[in-house]
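This report concerns only the one structure given below.
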Amino acid sequence: MRMSTWIRQHIAALRALLVLTVITGIAYPVAVFAVAQLPGLHDKAEGSLIERDGRIVGSSLIGQAFTDGKGNALVQYFQSRPSASAPADGSMPDGYDPTNTAFGNQGPESNVDTLDSDSSKTKLALLSTVCARSKAIGDREGISGARPFCTPDGVGAVLAVMGPRDAHGNVVKPTKVISVNEACPTKPFLDAYQGVKVDCAVPGEDYSAGRIIPIPGDVPRDTPVPSDAVTASASGLDPNISPRYAAIQIPRIAKARNASESQIRAIVDAHTAARDLGFFGEPRVNVLELNLDLDKRYPYQG
């Protein structure tokens with residue numbers, strides 16, 4: 001007696017299920033596990049973990065902050081790039097939460113802060129965030145933190161210009177000008193714009209009726225503080241910084257660890273990786289590995 005088509009189809013389906021289960025559920029995982037145990041691959045398969053004195057201190061693939069927990073940089077360590085990966089409960093204010101990888105979701109047009117009479121509730125735009133970080137790094141490293149479109153106080157240099165406009169939306173004759181990121185009673189970074197006095201911004205006021213104009217200033221575009229020092233990576237967990245960012249930190253590290261700048265620079269060079277295959281990516285310095293090597297060679301005595 002011939003089996004019905006329905007039974008044959010279900011037997012074929014059951015066979016396919018069993019075969020695929022063996023291949024994808026047993027053979028493939030076992031093969032991947034076996035390959036991961038090969039010399040040179042085992043450490044990477046385990047997460048590229050780094051141990052010191054018998055305990056795990058981090059992973060070479062995941063960045064971490066070197067601060068005192070309040071956002072203040074530890075003077076003896078090279079600093080990582082900023083991170084937007086922070087839990088909502090505020091337990092890791094410096095970011096680098098590996099369970100909450102995230103980015104800031106702000107673009108180049110994010111240049112107007114949301115001011116509040118309570119400064120702790122003020123929401124900074126990307127521009128002011130970059131300006132504040134650049135100023136802080138400049139002050140910490142003893143270099144100029146000034147950059148285009150930033151005020152000397154470290155906020156976005158942005159004006160809202162009121163007045164009649166032409167067909168292209170340009171203000172023909174300004175009647176009122178507000179420095180939208182400088183809350184009153186702060187003195188605006190410009191005294192006047194096109195002959196009109198510049199006023200500070202009143203928190204809570206809506207200046208969207210004005211034309212928003214960022215002011216570049218006379219600061220060179222090639223600033224001492226590099227871009228990776230003031231912007232977070234897409235994942236918020238980048239373990240590397242640019243050689244340029246590492247270089248501006250060398251004098252501080254040398255002074256804190258009672259070493260010469262040439263000695264610290266040699267360690268930085270030893271931890272600088274070139275482009276992959278000579279053309280992929282950019283040269284980079286792994287911050288965790290660099291700081292651990294510093295602790296070994298030039299222990300901090302402070």
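Excluded from the calculations below are hydrogen atoms, water molecules and symmetry mates; all remaining heavy atoms, backbone and side chain alike, are included.
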Close side-chain approach of Leu61 to Leu237, heavy-atom, < 4.5 Å: no
pair Thr175-Met162: side-chain heavy atoms closer than 4.5 Å: yes
Rounded distance (nearest 0.5 Å) linking atom CZ of Phe189 with atom CG of Asp191: 10.5 Å
Stepwise side-chain contact (heavy atoms from CB on, under 4.5 Å) test for Tyr245 and Val285: CA-CA 9 Å; Tyr245 186 24; Val285 181; over 6 Å; no
Pairwise side chain to side chain donor-acceptor pair (under 3.5 Å) hits with a residue in residues 193-204, at least two apart: Lys197-Asp199
Side chains of Arg284 and Asp238 in contact at under 4.5 Å (non-hydrogen atoms): no
Donor-acceptor contact below 3.5 Å, side chain Asp228 vs main chain Ser242: yes
Side-chain (Tyr207) to main-chain (Val202) donor-acceptor, under 3.5 angstrom: yes
Val198 to Pro188 - nearest heavy-atom pair and separation: O-CG, 3.4 Å
Candidate pair Asn258 and Gln301, rule side-chain contact (heavy atoms from CB on, under 4.5 Å), full reasoning: CA-CA 8 Å; Asn258 195 29; Gln301 304 296 328; over 6 Å; no
Under 3.5 Å donor-acceptor, Asn181 side chain and Asn111 backbone: yes
Lys135 with Asp139: basic N within carboxylate O range, under 4.0 Å: yes
Distance in Å, Leu159 CG paired with Lys176 NZ, rounded so as to fall on 0.5 Å steps: 13.5 Å
Ser85 side chain to Ser83 side chain, donor-acceptor N/O pair below 3.5 angstrom: no
Between Ser120 and Asp118, a side-chain donor and acceptor under 3.5 Å: yes
Shortest non-hydrogen contact from Arg81 toward Ile241: N-CG2, 3.7 Å
CA sep, side-chain torsions, deciding dist, call: Thr151, Asp153, side chain to side chain donor-acceptor pair (under 3.5 Å): CA-CA 5 Å; Thr151 73; Asp153 293 330; 5.1 Å; no
Pro174 to Val161 - nearest heavy-atom pair and separation: CB-CG1, 3.7 Å
Any Val219 side-chain heavy atom under 4.5 Å of Pro148 side chain: yes
For Phe280, the rest of its hydrophobic cluster, which grows through side-chain links under 4.5 angstrom: Leu277, Phe279
Minimum side-chain heavy-atom gap Thr67-Asn72 below 4.5 Å: no
Evaluation steps, side-chain contact (heavy atoms from CB on, under 4.5 Å), between Phe78 and Ile250: CA-CA 8 Å; Phe78 281 89; Ile250 287 176; 4.1 Å; yes
Pair Asp293 + Arg257: basic N to acidic O under 4.0 Å: no
For Phe66, ring pair (Phe, Tyr, Trp, His ring centres under 6.0 Å) partners two or more places apart: Tyr77
Short side-chain to backbone donor-acceptor contact, Ser134 and Ala146, under 3.5 Å: no
Nearest-0.5 Å distance that lies between atom CG in Asp116 and atom OG1 in Thr122: 5.5 Å
Pair Arg55-Val57, side-chain contact (heavy atoms from CB on, under 4.5 Å): steps then yes or no: CA-CA 6 Å; Arg55 68 186 183 92; Val57 296; 4.1 Å; yes
